[in-house]
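Please read the structure below before turning to the comments.
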Amino acid sequence: MTLLQELRARGLLQDHTPGVEELLTNEKVKGYIGYDPTAPSLTIGNLVTIMMLVHLQRHGHTPVVLFGGATGRVGDPSGKDAERKMLDIETIEHNLAHQQKQFQHILRFDQGDNEALLTNNYNWFKDISFLDFLRDAGKHLTVNYMMSKESVKRRIETGISFTEFSYQLLQGYDFYHMYQNMGVKLQMGGSDQWGNITTGTELIRRKVSGEAFAITCPLLTKADGTKFGKSEGQNIWLDPEMTSPYKFYQFFINATDDDAPRFFRIFSLRSIEEIEQIIADNAQNPNQLKRTLAEDVTKFVHGEEALEKAIATSQILFGKGTKELLFSMSEKEMLETFEGVPTFEVEAAKFADGLSILDLLGVETQILCSKGEAKREIKGNAISLNLQKVGSDSLVVAKDDLINGKFLVVNRGKRNFHLVVAK
RNA sequence: GGGGAGAUUCCAGAGUGGCCAAAUGGGCCGGACUGUAAAUCCGUUGGCGUAAGCCUUCGCAGGUUCGAAUCCUGCUCUCCCCA
(Lines give C-alpha, C1' and ligand atoms only; values in the text may rest on other atoms or scores of the structure.)
Protein backbone atom coordinates (compact mmCIF):
# COMPACT_ATOMS: atom_id res chain seq x y z
CA MET A 1 0.00 0.00 0.00
CA THR A 2 1.40 3.37 -0.93
CA LEU A 3 1.38 6.35 1.34
CA LEU A 4 -1.25 8.06 -0.74
CA GLN A 5 -3.48 5.00 -0.64
CA GLU A 6 -3.02 4.78 3.08
CA LEU A 7 -3.85 8.44 3.64
CA ARG A 8 -6.91 8.07 1.47
CA ALA A 9 -8.07 4.97 3.33
CA ARG A 10 -7.68 6.81 6.60
CA GLY A 11 -9.61 9.85 5.49
CA LEU A 12 -6.48 11.95 5.57
CA LEU A 13 -6.39 12.85 1.91
CA GLN A 14 -8.18 15.87 0.59
CA ASP A 15 -6.13 16.92 -2.35
CA HIS A 16 -2.71 16.46 -3.90
CA THR A 17 -0.69 17.75 -6.79
CA PRO A 18 -0.24 15.53 -9.83
CA GLY A 19 2.80 13.32 -9.72
CA VAL A 20 3.03 12.85 -5.97
CA GLU A 21 2.37 9.15 -6.26
CA GLU A 22 5.30 8.69 -8.64
CA LEU A 23 7.54 10.85 -6.51
CA LEU A 24 6.81 8.83 -3.40
CA THR A 25 7.33 5.48 -5.07
CA ASN A 26 10.48 6.47 -6.88
CA GLU A 27 12.43 8.12 -4.15
CA LYS A 28 12.79 8.78 -0.47
CA VAL A 29 11.16 12.10 0.00
CA LYS A 30 11.45 14.83 2.57
CA GLY A 31 8.05 16.28 3.36
CA TYR A 32 7.27 19.06 5.77
CA ILE A 33 4.43 20.63 7.63
CA GLY A 34 4.62 24.01 9.27
CA TYR A 35 3.38 24.73 12.78
CA ASP A 36 2.87 28.18 14.15
CA PRO A 37 3.95 28.59 17.75
CA THR A 38 0.81 30.44 18.73
CA ALA A 39 0.19 28.29 21.79
CA PRO A 40 2.44 26.68 24.39
CA SER A 41 1.35 23.25 23.32
CA LEU A 42 0.16 21.46 20.27
CA THR A 43 -3.50 20.57 20.31
CA ILE A 44 -5.42 17.54 19.35
CA GLY A 45 -6.39 19.53 16.27
CA ASN A 46 -2.75 19.66 15.27
CA LEU A 47 -2.58 15.94 15.75
CA VAL A 48 -4.48 15.43 12.51
CA THR A 49 -1.72 16.85 10.33
CA ILE A 50 0.90 15.36 12.60
CA MET A 51 -0.52 11.98 11.65
CA MET A 52 0.41 12.79 8.08
CA LEU A 53 4.01 13.18 9.18
CA VAL A 54 3.81 9.97 11.17
CA HIS A 55 2.60 8.03 8.15
CA LEU A 56 5.17 9.67 5.94
CA GLN A 57 7.85 8.42 8.25
CA ARG A 58 6.34 4.97 8.55
CA HIS A 59 6.50 4.74 4.81
CA GLY A 60 10.21 5.35 4.90
CA HIS A 61 10.24 9.00 4.02
CA THR A 62 11.61 11.82 6.09
CA PRO A 63 9.21 14.06 7.99
CA VAL A 64 10.30 17.60 8.58
CA VAL A 65 8.70 19.77 11.20
CA LEU A 66 8.95 23.43 10.41
CA PHE A 67 8.31 25.86 13.22
CA GLY A 68 7.02 29.23 12.21
CA GLY A 69 9.35 31.17 14.44
CA ALA A 70 9.23 33.94 11.85
CA THR A 71 5.83 33.50 10.26
CA GLY A 72 4.22 33.03 13.66
CA ARG A 73 5.05 36.65 14.23
CA VAL A 74 2.93 37.64 11.27
CA GLY A 75 -0.22 35.57 11.29
CA ASP A 76 -1.85 33.42 8.66
CA PRO A 77 -5.15 34.77 7.35
CA SER A 78 -6.33 31.32 6.26
CA GLY A 79 -9.54 30.40 7.93
CA LYS A 80 -9.58 33.57 9.97
CA ASP A 81 -12.24 36.21 9.70
CA ALA A 82 -10.29 38.91 11.39
CA GLU A 83 -6.78 40.15 11.72
CA ARG A 84 -4.80 38.10 14.11
CA LYS A 85 -3.24 39.29 17.30
CA MET A 86 0.51 39.38 17.22
CA LEU A 87 2.49 37.58 19.84
CA ASP A 88 5.61 38.90 21.43
CA ILE A 89 8.88 37.19 20.74
CA GLU A 90 9.39 35.74 24.21
CA THR A 91 6.05 33.98 24.02
CA ILE A 92 6.86 32.56 20.64
CA GLU A 93 10.22 31.24 21.76
CA HIS A 94 8.66 29.74 24.84
CA ASN A 95 5.90 28.06 22.86
CA LEU A 96 8.32 26.77 20.34
CA ALA A 97 10.49 25.07 22.91
CA HIS A 98 7.49 23.30 24.38
CA GLN A 99 6.10 22.14 21.09
CA GLN A 100 9.48 20.86 20.07
CA LYS A 101 9.54 18.53 23.07
CA GLN A 102 6.16 17.17 22.13
CA PHE A 103 7.23 16.29 18.65
CA GLN A 104 10.08 14.30 20.09
CA HIS A 105 7.61 11.86 21.60
CA ILE A 106 5.59 11.54 18.46
CA LEU A 107 8.05 11.29 15.61
CA ARG A 108 11.25 9.30 15.60
CA PHE A 109 14.24 11.59 15.63
CA ASP A 110 16.81 8.93 16.24
CA GLN A 111 16.43 6.53 13.45
CA GLY A 112 19.17 6.26 10.87
CA ASP A 113 18.05 6.85 7.35
CA ASN A 114 14.79 8.65 7.77
CA GLU A 115 14.91 10.29 11.14
CA ALA A 116 12.64 13.24 11.54
CA LEU A 117 14.06 16.72 11.13
CA LEU A 118 13.10 19.90 12.81
CA THR A 119 13.76 23.42 11.73
CA ASN A 120 12.61 26.96 12.23
CA ASN A 121 12.00 29.50 9.53
CA TYR A 122 13.36 32.22 11.74
CA ASN A 123 16.74 30.71 10.92
CA TRP A 124 16.56 32.02 7.40
CA PHE A 125 14.15 34.90 7.66
CA LYS A 126 16.19 36.64 10.33
CA ASP A 127 18.94 37.34 7.81
CA ILE A 128 16.79 38.42 4.91
CA SER A 129 16.23 42.12 4.54
CA PHE A 130 12.95 43.46 3.34
CA LEU A 131 14.51 44.59 0.09
CA ASP A 132 16.09 41.21 -0.48
CA PHE A 133 12.79 39.56 0.09
CA LEU A 134 11.01 41.78 -2.38
CA ARG A 135 13.64 40.95 -4.99
CA ASP A 136 13.95 37.22 -4.23
CA ALA A 137 10.36 36.32 -3.62
CA GLY A 138 8.02 39.19 -4.39
CA LYS A 139 9.30 39.70 -7.88
CA HIS A 140 8.26 36.23 -8.96
CA LEU A 141 4.60 36.30 -8.15
CA THR A 142 1.95 38.77 -9.17
CA VAL A 143 -0.47 40.42 -6.82
CA ASN A 144 -3.19 39.10 -9.10
CA TYR A 145 -2.03 35.57 -8.39
CA MET A 146 -1.90 36.18 -4.68
CA MET A 147 -5.30 37.81 -4.64
CA SER A 148 -6.89 34.85 -6.34
CA LYS A 149 -6.31 32.71 -3.24
CA GLU A 150 -9.41 31.88 -1.31
CA SER A 151 -7.94 32.93 2.02
CA VAL A 152 -7.27 36.39 0.63
CA LYS A 153 -10.48 36.74 -1.35
CA ARG A 154 -12.55 36.05 1.70
CA ARG A 155 -10.95 38.93 3.50
CA ILE A 156 -10.86 41.51 0.72
CA GLU A 157 -14.31 42.77 1.63
CA THR A 158 -13.75 43.07 5.35
CA GLY A 159 -10.14 44.08 5.19
CA ILE A 160 -6.80 42.39 5.34
CA SER A 161 -3.54 43.98 6.34
CA PHE A 162 -0.57 43.95 4.02
CA THR A 163 1.15 41.79 6.59
CA GLU A 164 -1.39 39.00 6.44
CA PHE A 165 -1.69 39.39 2.71
CA SER A 166 2.03 38.71 2.48
CA TYR A 167 1.81 35.58 4.56
CA GLN A 168 1.50 33.21 1.65
CA LEU A 169 4.64 34.67 0.18
CA LEU A 170 6.52 33.97 3.38
CA GLN A 171 5.22 30.44 3.51
CA GLY A 172 5.97 30.02 -0.15
CA TYR A 173 9.48 31.20 0.49
CA ASP A 174 9.87 28.64 3.25
CA PHE A 175 9.07 25.90 0.83
CA TYR A 176 11.46 27.35 -1.70
CA HIS A 177 14.22 27.70 0.85
CA MET A 178 13.81 24.16 2.13
CA TYR A 179 13.59 22.85 -1.40
CA GLN A 180 16.86 24.47 -2.27
CA ASN A 181 18.78 23.89 0.93
CA MET A 182 17.35 20.72 2.39
CA GLY A 183 15.96 18.92 -0.60
CA VAL A 184 12.41 19.09 0.68
CA LYS A 185 10.05 18.40 -2.20
CA LEU A 186 6.77 17.93 -0.46
CA GLN A 187 4.62 20.07 1.73
CA MET A 188 1.60 18.77 3.56
CA GLY A 189 -1.04 20.36 5.73
CA GLY A 190 -4.72 20.93 6.25
CA SER A 191 -6.82 21.75 3.24
CA ASP A 192 -7.00 25.37 4.37
CA GLN A 193 -3.30 25.52 3.59
CA TRP A 194 -3.71 24.53 -0.06
CA GLY A 195 -3.45 28.09 -1.28
CA ASN A 196 -0.34 28.81 0.72
CA ILE A 197 1.27 25.55 -0.28
CA THR A 198 0.71 26.07 -3.97
CA THR A 199 2.18 29.53 -3.70
CA GLY A 200 5.29 27.66 -2.65
CA THR A 201 5.25 25.19 -5.50
CA GLU A 202 4.65 28.08 -7.85
CA LEU A 203 7.56 30.05 -6.46
CA ILE A 204 9.81 27.04 -6.82
CA ARG A 205 8.71 26.57 -10.41
CA ARG A 206 9.28 30.20 -11.33
CA LYS A 207 12.51 30.78 -9.51
CA VAL A 208 14.39 27.61 -10.20
CA SER A 209 12.15 25.68 -12.56
CA GLY A 210 11.84 23.07 -9.87
CA GLU A 211 8.97 20.73 -9.25
CA ALA A 212 7.53 20.49 -5.78
CA PHE A 213 4.49 18.68 -4.48
CA ALA A 214 1.62 19.05 -2.07
CA ILE A 215 -0.73 16.84 -0.11
CA THR A 216 -3.53 18.16 2.07
CA CYS A 217 -5.92 16.49 4.45
CA PRO A 218 -9.52 17.47 5.12
CA LEU A 219 -10.23 19.71 8.04
CA LEU A 220 -11.59 17.45 10.69
CA THR A 221 -15.07 18.29 11.88
CA LYS A 222 -17.46 16.58 14.21
CA ALA A 223 -20.70 14.98 13.14
CA ASP A 224 -22.65 17.99 14.35
CA GLY A 225 -20.57 20.26 12.17
CA THR A 226 -18.69 21.98 14.96
CA LYS A 227 -14.96 22.20 15.15
CA PHE A 228 -13.06 19.18 16.30
CA GLY A 229 -10.77 19.42 19.25
CA LYS A 230 -12.57 21.18 22.03
CA SER A 231 -14.27 19.89 25.09
CA GLU A 232 -16.55 22.13 27.12
CA GLY A 233 -15.13 25.03 25.21
CA GLN A 234 -11.62 24.08 26.20
CA ASN A 235 -8.83 23.07 23.94
CA ILE A 236 -7.50 19.57 24.27
CA TRP A 237 -3.75 19.96 24.46
CA LEU A 238 -1.12 17.33 23.93
CA ASP A 239 0.80 18.60 26.93
CA PRO A 240 -0.16 16.41 29.92
CA GLU A 241 0.30 19.40 32.20
CA MET A 242 -2.33 21.34 30.31
CA THR A 243 -4.74 18.52 29.53
CA SER A 244 -4.33 15.50 31.73
CA PRO A 245 -4.11 12.10 30.07
CA TYR A 246 -7.34 11.29 31.87
CA LYS A 247 -9.17 14.18 30.21
CA PHE A 248 -7.50 13.38 26.96
CA TYR A 249 -8.74 9.82 27.18
CA GLN A 250 -12.19 11.01 28.15
CA PHE A 251 -12.30 13.31 25.17
CA PHE A 252 -12.39 10.31 22.88
CA ILE A 253 -14.67 8.27 25.11
CA ASN A 254 -17.14 11.12 24.88
CA ALA A 255 -17.00 11.39 21.12
CA THR A 256 -20.24 10.98 19.27
CA ASP A 257 -20.82 7.44 18.01
CA ASP A 258 -20.94 8.67 14.45
CA ASP A 259 -17.50 10.19 14.74
CA ALA A 260 -15.77 7.19 16.23
CA PRO A 261 -14.95 5.26 13.05
CA ARG A 262 -13.56 8.34 11.32
CA PHE A 263 -11.48 9.33 14.31
CA PHE A 264 -10.26 5.79 14.67
CA ARG A 265 -9.03 5.65 11.09
CA ILE A 266 -7.23 8.95 11.50
CA PHE A 267 -5.62 8.54 14.88
CA SER A 268 -4.93 4.86 15.33
CA LEU A 269 -1.52 3.56 14.40
CA ARG A 270 -2.89 0.12 13.66
CA SER A 271 -2.85 -1.04 10.09
CA ILE A 272 -5.77 0.07 8.04
CA GLU A 273 -6.88 -3.56 7.63
CA GLU A 274 -6.97 -4.06 11.36
CA ILE A 275 -8.76 -0.76 11.82
CA GLU A 276 -11.49 -1.71 9.38
CA GLN A 277 -11.81 -5.08 11.05
CA ILE A 278 -12.24 -3.52 14.47
CA ILE A 279 -14.77 -1.03 13.14
CA ALA A 280 -16.73 -3.84 11.53
CA ASP A 281 -16.55 -6.00 14.65
CA ASN A 282 -17.88 -3.19 16.78
CA ALA A 283 -20.58 -1.95 14.48
CA GLN A 284 -23.11 -2.80 17.17
CA ASN A 285 -20.93 -1.73 20.02
CA PRO A 286 -19.81 1.84 19.54
CA ASN A 287 -18.70 2.16 23.13
CA GLN A 288 -16.11 -0.53 22.69
CA LEU A 289 -14.89 1.16 19.53
CA LYS A 290 -14.53 4.44 21.37
CA ARG A 291 -12.63 2.73 24.15
CA THR A 292 -10.21 1.25 21.67
CA LEU A 293 -9.90 4.61 19.96
CA ALA A 294 -9.24 6.39 23.24
CA GLU A 295 -6.72 3.78 24.28
CA ASP A 296 -4.80 3.89 21.02
CA VAL A 297 -4.51 7.66 20.93
CA THR A 298 -3.78 8.12 24.61
CA LYS A 299 -1.08 5.51 24.48
CA PHE A 300 0.42 7.05 21.39
CA VAL A 301 0.52 10.57 22.81
CA HIS A 302 1.03 9.97 26.52
CA GLY A 303 2.45 6.49 26.78
CA GLU A 304 1.38 3.21 28.27
CA GLU A 305 1.63 4.17 31.91
CA ALA A 306 -0.46 7.32 31.56
CA LEU A 307 -3.05 5.31 29.67
CA GLU A 308 -3.29 2.73 32.45
CA LYS A 309 -3.95 5.48 34.95
CA ALA A 310 -6.52 7.16 32.75
CA ILE A 311 -8.37 3.88 32.42
CA ALA A 312 -8.17 3.17 36.12
CA THR A 313 -9.49 6.60 36.98
CA SER A 314 -12.28 6.30 34.45
CA GLN A 315 -13.33 2.98 35.87
CA ILE A 316 -13.58 4.28 39.37
CA LEU A 317 -15.40 7.42 38.36
CA PHE A 318 -17.76 5.91 35.86
CA GLY A 319 -17.88 2.24 36.57
CA LYS A 320 -17.71 0.54 39.88
CA GLY A 321 -17.20 3.64 41.96
CA THR A 322 -19.08 3.93 45.22
CA LYS A 323 -18.68 5.93 48.35
CA GLU A 324 -17.51 2.81 50.15
CA LEU A 325 -14.83 2.20 47.56
CA LEU A 326 -13.54 5.73 47.91
CA PHE A 327 -13.32 5.38 51.67
CA SER A 328 -11.41 2.14 51.29
CA MET A 329 -8.68 3.77 49.27
CA SER A 330 -5.36 4.80 50.69
CA GLU A 331 -4.01 8.29 50.33
CA LYS A 332 -1.58 7.08 47.71
CA GLU A 333 -4.33 5.39 45.74
CA MET A 334 -6.42 8.50 45.92
CA LEU A 335 -3.69 10.72 44.61
CA GLU A 336 -2.85 8.33 41.81
CA THR A 337 -6.41 7.80 40.80
CA PHE A 338 -7.29 11.44 40.77
CA GLU A 339 -4.15 12.62 39.12
CA GLY A 340 -5.35 14.76 36.27
CA VAL A 341 -8.70 15.53 37.83
CA PRO A 342 -9.02 19.24 38.64
CA THR A 343 -7.90 19.65 42.21
CA PHE A 344 -8.58 22.35 44.78
CA GLU A 345 -6.99 22.87 48.15
CA VAL A 346 -8.90 24.02 51.16
CA GLU A 347 -7.50 24.69 54.62
CA ALA A 348 -8.19 21.70 56.82
CA ALA A 349 -9.23 23.98 59.65
CA LYS A 350 -12.27 25.08 57.70
CA PHE A 351 -13.74 21.61 57.98
CA ALA A 352 -13.21 21.50 61.71
CA ASP A 353 -16.54 23.01 62.56
CA GLY A 354 -18.20 22.20 59.29
CA LEU A 355 -18.13 23.97 55.96
CA SER A 356 -21.36 24.71 54.15
CA ILE A 357 -21.63 23.02 50.81
CA LEU A 358 -22.32 26.39 49.18
CA ASP A 359 -19.12 27.90 50.52
CA LEU A 360 -17.21 24.82 49.50
CA LEU A 361 -18.41 24.96 45.92
CA GLY A 362 -18.61 28.67 45.29
CA VAL A 363 -16.16 30.32 47.64
CA GLU A 364 -13.43 28.01 48.88
CA THR A 365 -12.96 26.36 45.49
CA GLN A 366 -13.66 27.39 41.95
CA ILE A 367 -15.75 24.35 41.24
CA LEU A 368 -18.61 26.79 40.70
CA CYS A 369 -18.53 30.54 40.26
CA SER A 370 -20.78 31.63 43.07
CA LYS A 371 -22.98 30.48 45.86
CA GLY A 372 -25.98 31.35 43.74
CA GLU A 373 -24.81 29.00 41.08
CA ALA A 374 -24.09 26.36 43.68
CA LYS A 375 -27.66 26.63 44.89
CA ARG A 376 -29.06 26.29 41.41
CA GLU A 377 -26.92 23.30 40.61
CA ILE A 378 -27.85 21.54 43.81
CA LYS A 379 -31.49 22.25 43.12
CA GLY A 380 -30.98 20.80 39.67
CA ASN A 381 -29.58 17.63 41.24
CA ALA A 382 -26.22 18.18 39.62
CA ILE A 383 -23.84 18.00 42.56
CA SER A 384 -22.47 14.87 44.15
CA LEU A 385 -20.18 14.59 47.11
CA ASN A 386 -18.13 11.41 47.31
CA LEU A 387 -20.33 9.93 44.62
CA GLN A 388 -23.56 10.64 46.47
CA LYS A 389 -25.99 13.26 45.30
CA VAL A 390 -26.25 16.36 47.42
CA GLY A 391 -29.92 16.88 48.01
CA SER A 392 -29.94 20.04 50.03
CA ASP A 393 -28.05 23.29 49.82
CA SER A 394 -27.93 23.48 53.58
CA LEU A 395 -25.64 20.48 53.78
CA VAL A 396 -22.59 20.97 55.94
CA VAL A 397 -19.40 19.17 55.10
CA ALA A 398 -17.60 17.95 58.19
CA LYS A 399 -14.37 16.18 58.94
CA ASP A 400 -16.06 12.80 58.77
CA ASP A 401 -16.85 13.36 55.13
CA LEU A 402 -13.18 13.58 54.24
CA ILE A 403 -11.72 10.46 52.74
CA ASN A 404 -8.57 9.60 54.66
CA GLY A 405 -9.20 12.74 56.59
CA LYS A 406 -8.25 14.93 53.66
CA PHE A 407 -10.03 14.25 50.38
CA LEU A 408 -13.42 15.05 48.96
CA VAL A 409 -14.62 13.97 45.55
CA VAL A 410 -17.05 16.48 44.16
CA ASN A 411 -18.77 16.21 40.85
CA ARG A 412 -21.02 18.40 38.90
CA GLY A 413 -23.16 16.54 36.46
CA LYS A 414 -22.05 13.04 35.78
CA ARG A 415 -18.86 13.79 33.96
CA ASN A 416 -17.12 16.63 35.73
CA PHE A 417 -15.11 15.44 38.68
CA HIS A 418 -13.12 17.51 41.11
CA LEU A 419 -10.88 16.58 43.97
CA VAL A 420 -10.78 18.74 47.05
CA VAL A 421 -7.77 18.32 49.32
CA ALA A 422 -7.82 19.56 52.88
CA LYS A 423 -4.47 21.03 53.79
C1' G B 1 -17.72 66.40 3.43
C1' G B 2 -23.51 65.91 3.74
C1' G B 3 -27.74 62.80 5.40
C1' G B 4 -29.70 58.57 8.06
C1' A B 5 -29.62 54.21 11.50
C1' G B 6 -27.67 52.06 15.63
C1' A B 7 -24.68 50.56 20.28
C1' U B 8 -29.09 45.89 25.45
C1' U B 9 -27.27 40.62 29.80
C1' C B 10 -22.37 34.73 26.13
C1' C B 11 -24.48 35.66 20.85
C1' A B 12 -28.69 37.21 17.96
C1' G B 13 -32.60 40.27 19.14
C1' A B 14 -37.27 42.55 21.88
C1' G B 15 -38.05 46.42 25.21
C1' U B 16 -39.06 53.42 24.18
C1' G B 17 -40.49 56.52 31.95
C1' G B 18 -42.36 52.58 36.86
C1' C B 19 -45.30 45.79 36.05
C1' C B 20 -37.23 45.19 33.65
C1' A B 21 -32.14 41.50 36.24
C1' A B 22 -34.75 42.87 31.29
C1' A B 23 -39.38 38.96 26.24
C1' U B 24 -37.95 35.35 22.48
C1' G B 25 -34.40 32.27 19.91
C1' G B 26 -29.50 30.18 19.97
C1' G B 27 -25.50 28.73 22.90
C1' C B 28 -23.69 27.22 27.65
C1' C B 29 -24.51 24.33 32.05
C1' G B 30 -27.61 20.75 34.39
C1' G B 31 -31.71 16.88 34.82
C1' A B 32 -34.64 12.74 32.64
C1' C B 33 -34.15 8.77 28.93
C1' U B 34 -29.79 5.88 27.48
C1' G B 35 -24.51 3.68 26.93
C1' U B 36 -19.89 8.62 30.36
C1' A B 37 -22.98 8.91 22.87
C1' A B 38 -26.52 11.34 19.54
C1' A B 39 -31.59 12.77 19.06
C1' U B 40 -35.70 14.19 22.19
C1' C B 41 -38.07 16.32 26.44
C1' C B 42 -37.41 19.36 30.86
C1' G B 43 -34.89 22.98 34.03
C1' U B 44 -31.32 26.83 34.83
C1' U B 45 -28.53 30.89 32.87
C1' G B 46 -25.54 38.78 37.24
C1' G B 47 -23.97 38.88 42.69
C1' C B 48 -25.21 38.69 48.09
C1' G B 49 -29.12 36.88 51.30
C1' U B 50 -32.91 31.20 54.52
C1' A B 51 -36.24 35.00 53.06
C1' A B 52 -38.35 39.80 52.44
C1' G B 53 -35.01 42.39 50.06
C1' C B 54 -30.45 44.68 48.75
C1' C B 55 -26.32 45.58 45.27
C1' U B 56 -24.12 45.73 40.15
C1' U B 57 -25.74 45.51 34.81
C1' C B 58 -28.73 47.92 29.01
C1' G B 59 -21.60 51.99 24.64
C1' C B 60 -19.10 56.29 27.97
C1' A B 61 -19.83 60.88 30.90
C1' G B 62 -23.24 64.12 32.79
C1' G B 63 -28.50 65.94 33.36
C1' U B 64 -34.20 65.88 33.88
C1' U B 65 -37.55 62.99 37.18
C1' C B 66 -40.25 60.57 43.24
C1' G B 67 -38.45 56.91 39.58
C1' A B 68 -34.66 55.87 33.34
C1' A B 69 -32.34 50.45 29.40
C1' U B 70 -36.23 53.87 28.09
C1' C B 71 -36.29 61.42 28.07
C1' C B 72 -32.25 65.51 27.38
C1' U B 73 -26.82 67.07 26.50
C1' G B 74 -21.92 65.87 25.20
C1' C B 75 -18.40 62.01 23.85
C1' U B 76 -16.68 57.32 21.58
C1' C B 77 -17.51 53.53 18.18
C1' U B 78 -20.33 50.80 14.23
C1' C B 79 -23.39 50.45 9.91
C1' C B 80 -26.09 52.51 5.61
C1' C B 81 -27.03 56.26 1.79
C1' C B 82 -25.42 60.69 -1.02
C1' A B 83 -20.77 63.35 -2.60
Side-chain angles (χ1 to χ4, degrees), chain A residues 81-83 157-159 220-236 243-264 267 278-279 281-295 297-298 307 309-322 325-326 337-338 340-342 354-385 387-396 409-419:
Chain A
D81 296 324
E83 187 82 12
E157 289 296 318
T158 53
L220 188 53
T221 52
K222 295 194 285 184
D224 61 8
T226 57
K227 202 179 163 201
F228 166 82
K230 297 210 169 172
S231 163
E232 292 145 44
Q234 297 205 300
N235 258 319
I236 301 295
T243 299
S244 69
Y246 159 71
K247 281 209 90 170
F248 186 90
Y249 174 85
Q250 284 289 324
F251 172 80
F252 286 99
I253 292 291
N254 282 308
T256 302
D257 290 359
D258 295 344
D259 284 332
R262 276 193 308 136
F263 291 180
F264 192 46
F267 295 115
I278 291 172
I279 291 173
D281 288 348
N282 289 293
Q284 300 309 313
N285 192 356
N287 272 349
Q288 182 52 49
L289 179 60
K290 283 190 277 190
R291 267 196 293 276
T292 309
L293 163 69
E295 284 168 17
V297 193
T298 307
L307 169 65
K309 277 189 195 166
I311 293 175
T313 303
S314 298
Q315 272 176 355
I316 286 174
L317 298 184
F318 294 104
K320 56 192 178 186
T322 59
L325 178 75
L326 289 178
T337 304
F338 289 92
V341 170
L355 181 60
S356 97
I357 185 75
L358 296 180
D359 283 321
L360 176 70
L361 296 170
V363 183
E364 300 297 333
T365 66
Q366 285 78 53
I367 295 173
L368 298 175
C369 299
S370 66
K371 291 209 250 182
E373 187 179 15
K375 261 192 250 178
R376 278 197 301 275
E377 296 292 294
I378 289 172
K379 208 161 128 202
N381 203 27
I383 304 297
S384 297
L385 189 65
L387 301 177
Q388 290 192 317
K389 287 286 183 192
V390 173
S392 154
D393 58 19
S394 56
L395 182 82
V396 172
V409 175
V410 179
N411 61 324
R412 169 203 203 182
K414 41 190 160 189
R415 283 182 271 176
N416 305 304
F417 289 85
H418 309 269
L419 182 68

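Below, chain A is the first sequence line, B the second, and so on; all start at residue 1.
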Checklist entry - Excluding sequence neighbours, so at least two apart, what forms side chain to side chain contact (heavy atoms under 4.5 Å, CB included) with A:I253? => result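 Partners of A:I253 under the side chain to side chain contact (heavy atoms under 4.5 Å, CB included) test: A:Y249, A:Q250, A:R291, A:A294.
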
Checklist entry - Could you give the CG-to-C1' distance, from A:L368 to B:C28, as a whole number of Å? => result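 Spelled out: CG on A:L368 to C1' on B:C28 is 14 Å.
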
Next on the checklist: I'd like to check the side-chain hydrogen bond (donor to acceptor under 3.5 Å, both in side chains) partners of A:D281; sequence neighbours left out, ordered by chain and number.
Outcome noted: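 Here the qualifying residues are A:Q277.
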
Between [M] and [N], how far apart are the [atom1] atoms? Round to whole Å, please.
| N | M | atom1 | result |
| --- | --- | --- | --- |
| B:U70 | B:A23 | C1' | 15 Å |
| B:U8 | B:A68 | C1' | 14 Å |
| B:C11 | B:C60 | P | 14 Å |
| B:C58 | B:A21 | C1' | 10 Å |
| B:A83 | B:A12 | C1' | 34 Å |
| B:U45 | B:A38 | P | 23 Å |
| B:U36 | B:A51 | P | 35 Å |
| B:G47 | B:G62 | P | 27 Å |

My understanding is that a pair needs two contacts under 3.5 Å, Watson-Crick or G-U wobble. By that rule, which nucleotide pairs with [N]?
| N | result |
| --- | --- |
| B:U9 | none |
| B:U64 | none |
| B:U16 | none |
| B:C79 | B:G4 |

Next on the checklist: Pair A:D257, A:K290 - check salt bridge (Lys or Arg N to Asp or Glu O under 4.0 Å), show working.
Outcome noted: CA-CA 8 Å; A:D257 290 359; A:K290 283 190 277 190; 2.8 Å; yes

Is there a donor-acceptor pair closer than 3.5 Å between any side-chain N or O of [X] and the backbone N or O of [Y]?
| X | Y | value |
| --- | --- | --- |
| A:D259 | A:A255 | no |
| A:R262 | A:T221 | yes |
| A:T337 | A:T313 | no |
| A:S370 | A:G362 | no |

Checklist entry - Can you give one letter per nucleotide of nucleotides 32-42 of chain B, going 5' to 3': B for a protein heavy atom under 4.0 Å from the base, S for sugar-phosphate only, - for none? => result -BBBBBS----

Next on the checklist: I'd like to compare against my own output: the B/S/- annotation of nucleotides 44-58 of chain B with a strict under-4.0 Å heavy-atom distance to protein.
Outcome noted: SS-SSB-S-------

Next on the checklist: Which residue is it: A:F251, A:Y246, A:F252? I am looking for the one with a ring-ring contact (aromatic ring centres under 6.0 Å, His included) to A:F248.
Outcome noted: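 The ring-ring contact (aromatic ring centres under 6.0 Å, His included) with A:F248 is passed solely by A:F252 among A:F251, A:Y246, A:F252.
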
Item to check | Parallel, tilted or perpendicular, as decided by the 30° and 60° cut-offs, for the rings of A:F417 and A:F318 | outcome: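 If you compare the ring of A:F318 with that of A:F417, the planes turn out perpendicular.
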
Checklist entry - Under 6.0 Å from the NZ atom of A:K379, do we count more than 12 heavy atoms belonging to anything else shown? => result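 Not buried by this count: 12 neighbours or fewer within 6.0 Å.
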
Are any protein N/O atoms closer than 3.5 Å to N/O atoms in nucleotides 22-25 of chain B? If there are, list each pair with its distance.
none

Checklist entry - Can you list the residues that meet the salt bridge (charged side-chain N to carboxylate O under 4.0 Å, His left out) rule with A:D393, with sequence neighbours excluded? => result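 Checked A:D393 against salt bridge (charged side-chain N to carboxylate O under 4.0 Å, His left out); zero matches.
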
Checklist entry - Passes side chain to side chain contact (heavy atoms under 4.5 Å, CB included), A:K222 versus A:T256? Steps please. => result CA-CA 8 Å; A:K222 295 194 285 184; A:T256 302; 5.9 Å; no

